[in-house]
Amino acid sequence: MSDILTILKPRRLKTGATDAAGDLSIRFPPHEGLYCYAILEGACWLTVEEEPAPVATWSR
């Protein structure tokens, strides 16, 4: 991930962490730029407005 960020040369960086469990939904407002998240444990479904179906994601 750090190699990719080095190539992209972001001008702003915002970091944080979330510990979530159970059924929940999070919606992010429209923005310019790139959002990066990592799943460290467990799984989730990612839904993107322009995509026809959700995508399953999980940690290894």
Side-chain angles (χ1 to χ4, degrees):
M1 180 69 110
S2 62
D3 291 341
I4 293 170
L5 291 174
T6 300
I7 292 168
L8 293 174
K9 298 179 184 175
R11 291 178 288 207
R12 290 183 286 168
L13 176 64
K14 186 175 182 180
T15 62
T18 301
D19 185 0
D23 295 336
L24 66 111
S25 174
I26 301 171
R27 182 180 197 106
F28 299 100
H31 65 281
E32 288 187 25
L34 176 68
Y35 258 47
C36 296
Y37 283 86
I39 299 170
L40 301 181
E41 184 178 326
C44 73
W45 288 92
L46 172 65
T47 303
V48 179
E49 288 182 9
E50 293 79 24
E51 295 297 320
V55 177
T57 62
W58 60 89
S59 65
R60 296 177 189 218

So which heavy atom on T47 is nearest to which on P54, and how close? OG1-CB, 3.8 Å

Holding to salt bridge (Lys or Arg N to Asp or Glu O under 4.0 Å), I want the full list of residues that pass it with E49, two or more places apart in sequence or in another chain. R27

With sequence neighbours left out, what residues match A56 under side chain to side chain contact (heavy atoms under 4.5 Å, CB included)? W45, W58

Listed partners of A20 passing side chain to side chain contact (heavy atoms under 4.5 Å, CB included), at least two apart: T18, L24

Has T57 got a side-chain atom pairing as donor or acceptor with C44's backbone, closer than 3.5 angstrom? yes

For R11, the side-chain hydrogen bond (donor to acceptor under 3.5 Å, both in side chains) test, sequence neighbours excluded, returns none

